[in-house]
Amino acid sequence: MAEERESLIRRTNFARSVSHAQDELHSFRSYLRWMCVDQSNLWVTVLSWSVFVVLALIVPAISHFMLACSTCDSNHERPYDGVVQLSLSSVATLSFFCLARFVRKYGLRRFLFFDKLCNESETVRKGYTEQLNRSLYILSVFVLPCFMAESAYKIWWYASGASQIPFLGNVVLSDTVACVMELCSWLYRTTVIFLVCVLFRLICHLQILRLQDFAQVFQVDSDVGSVLSEHLRIRRHLRIISHRYRAFILWALILVTTSQFASLLITTKSHDVNIYKAGELALCSITLLTGLLILLRSATKITHKAQSITCLAAKWHICATLDSFEAVEGETPMAPAETDVQVIFPISTDSSDFDDDVGDEEDDIDNSKLIPTYAYSTISFQKRQALVTYFENNRAGITVYGFTLDRSTLHTIFGIQLSLVLWLLGKTIGI
């Protein structure tokens, strides 16, 4: 009977981890196929690479070299077009190569950790599936505003300066085709960039859900061995995510930083900067910086949550220690003299007075509530101390080649880039 039950559990878990046509990723696969980034077989792989070469490389090159419009008036000149096209194409190429490698090597289901959901609680599975369904909406929130602004600029540019742009055959037809191709290229490149960033955000959200579920072990009477094994499993998944995304995060940071410094250099050297000339450059910078901020925010958020487990475990340990000492003191006759410490700092386990003042900054991991007594009733002091020491010396989080992406790392990056900006401004405008 036990063997049949284990066999049934294994079959259920296997069915959960195997892809099928109508699973949770059905709409996401359809979106990837529609965007021509799906590489599930040879035919769609050839189509995917062909679309990438045309829209990410050929169309931007033709747009820059054939539509430079050196004879246009001041409002229709494109002095910053080279930086715009090179910046978007380089980051889009990086994103496409990484996405193609992820899907080809791991498969979409394994890459998004859906094959591991069979081992998670119902709360984690439900929350992750809901977040997956919201991912396409989040992607459209980032892509559509940039695309609408670019569409307005391109339509104005072609409509108001059509007679000054080189063309073959009919003026209206050639300008319409050129405008549509440029807009498709912009939409494709920005979508690929944001898609990889949103997928990283989705994977990090799964780990946050798991950490919040893991934090519940400190609210019940748990075994230290099971707590340790679950934390090791979470750390392993964080290492897997770091290993997969570390090259993308590093190169995205390098490319975006280089793009921003190049933009700053050419705009500070120019004496005639206006919305007509630099509007597309500003839109490109906003797009790239937004994608980079999604990566850094997701990484630092999961690192902060993972490291907050140490604080939670220390609070769990001290609450247990205080309770055990109070129990011993209650059995031992005490002198009638009492201190007024409790009068000055009254101990209260009721946190209802503070619930109205607490917003989204506190959750199951990061909070100021005391741990209930029954959560540590059968765990000895030595085991609790060993577990807290383990957490203190094994901090989890997202790393990039050994460097943990936390808030101090962001401060360091910001300080270095601010120093470089001030140095560049000192060389160009002499501040």
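Positions are given from 1 along the sequence.
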So, taking the atom named [atom1] in [X] and the one named [atom2] in [Y], what distance separates them when rounded to the nearest 0.5 Å?
| X | Y | atom1 | atom2 | result |
| --- | --- | --- | --- | --- |
| Arg407 | Thr409 | CZ | OG1 | 12.0 Å |
| Phe391 | His231 | CZ | NE2 | 4.5 Å |
| Phe214 | Gln207 | CZ | CD | 13.0 Å |
| Gln212 | Ser121 | CD | OG | 10.5 Å |
| Leu288 | Leu88 | CG | CG | 5.5 Å |
| Leu420 | Gln417 | CG | CD | 7.5 Å |

How far apart are the closest heavy atoms of [X] and [Y], and which atoms are they?
| X | Y | answer |
| --- | --- | --- |
| Leu183 | Ser151 | CD2-CA, 3.6 Å |
| Leu108 | Arg29 | CD2-CG, 3.8 Å |
| Thr267 | Ser263 | OG1-O, 2.7 Å |
| Ala262 | Val83 | CB-CG1, 4.4 Å |
| Val198 | Ser135 | CG1-O, 3.8 Å |
| Glu280 | Asp81 | OE1-OD1, 4.1 Å |

Should the heavy atoms of other residues, nucleotides or ligands under 6.0 Å from [atom1] of [X] be counted, would the total exceed 12?
| X | atom1 | result |
| --- | --- | --- |
| Phe403 | CZ | no |
| Tyr137 | OH | no |
| Trp49 | CH2 | yes |
| Arg395 | CZ | yes |
| Arg236 | CZ | no |
| Arg246 | CZ | yes |

Are the side chains of [X] and [Y] in touch, meaning some heavy atoms are under 4.5 Å apart?
| X | Y | value |
| --- | --- | --- |
| Ser298 | Ile294 | yes |
| Ser63 | Gln85 | yes |
| Phe52 | Thr93 | yes |
| Cys284 | Trp186 | yes |
| Glu120 | Leu209 | no |
| Tyr153 | Leu283 | no |
| Leu293 | Arg297 | no |
| Gln131 | Arg201 | yes |

Note to self: For Phe194, run the side chain to side chain contact (heavy atoms under 4.5 Å, CB included) check against Thr290, Leu199, Val141 and tell me which one passes.
What the structure shows: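 Single pass found, and it is Thr290.
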Notebook entry, point to check: Which is it for Leu405 and Ile249 under the side chain to side chain contact (heavy atoms under 4.5 Å, CB included) test, yes or no, and what are the steps along the way?
Noted result: CA-CA 10 Å; Leu405 283 180; Ile249 295 176; 4.1 Å; yes
Next item on the list: List the steps and the verdict of side chain to side chain contact (heavy atoms under 4.5 Å, CB included) for Tyr128 and Arg210.
Entry: CA-CA 10 Å; Tyr128 190 49; Arg210 294 184 60 199; over 6 Å; no
Margin query: Please determine whether side-chain hydrogen bond (donor to acceptor under 3.5 Å, both in side chains) holds for the pair Ser89 and Arg189, giving the CA-CA distance in whole Å, both sets of side-chain angles, and the decisive distance to 0.1 Å.
Written below: CA-CA 7 Å; Ser89 294; Arg189 287 180 291 176; 3.0 Å; yes
Check: Does the Ser48 side chain pair with the main chain of Val44, one donor and one acceptor, at a distance under 3.5 Å?
Finding: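 No, because the side chain of Ser48 does not come within donor-acceptor range (under 3.5 Å) of the backbone of Val44.
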Note to self: Main chain of Asp406, side chain of Thr300: is a donor-acceptor contact present, judged purely on distance under 3.5 Å?
What the structure shows: no
Next item on the list: Measure the acute angle between the ring planes of Tyr31 and Trp34, then classify it against the limits of 30° and 60° as parallel, tilted or perpendicular.
Entry: tilted
Margin query: Check the orientation of His237 and Phe113. Use parallel for under 30°, tilted for 30 to 60°, and perpendicular for over 60°.
Written below: tilted
Next item on the list: Begin with the C-alpha distance, continue with both residues' side-chain angles, and end with the deciding distance and a verdict on side chain to side chain contact (heavy atoms under 4.5 Å, CB included) for Leu206 and Leu117.
Entry: CA-CA 10 Å; Leu206 170 62; Leu117 286 185; 3.9 Å; yes
Margin query: Given Phe102, which partner from the list Tyr245, Phe200, Phe97 fulfils the ring pair (Phe, Tyr, Trp, His ring centres under 6.0 Å) test?
Written below: Tyr245
Next item on the list: Decide side chain to side chain contact (heavy atoms under 4.5 Å, CB included) for Leu253 and Val400; before the verdict, give the C-alpha distance in whole Å, the side-chain angles of both, and the deciding distance to 0.1 Å.
Entry: CA-CA 11 Å; Leu253 180 61; Val400 176; over 6 Å; no
Note to self: Test side-chain hydrogen bond (donor to acceptor under 3.5 Å, both in side chains) on Ser229 and Arg233; report intermediate values, then the result.
What the structure shows: CA-CA 6 Å; Ser229 62; Arg233 192 166 70 97; over 6 Å; no
Margin query: Evaluate Glu182 against Tyr158 for side-chain hydrogen bond (donor to acceptor under 3.5 Å, both in side chains), listing each step before the verdict.
Written below: CA-CA 11 Å; Glu182 283 203 75; Tyr158 277 97; 2.4 Å; yes
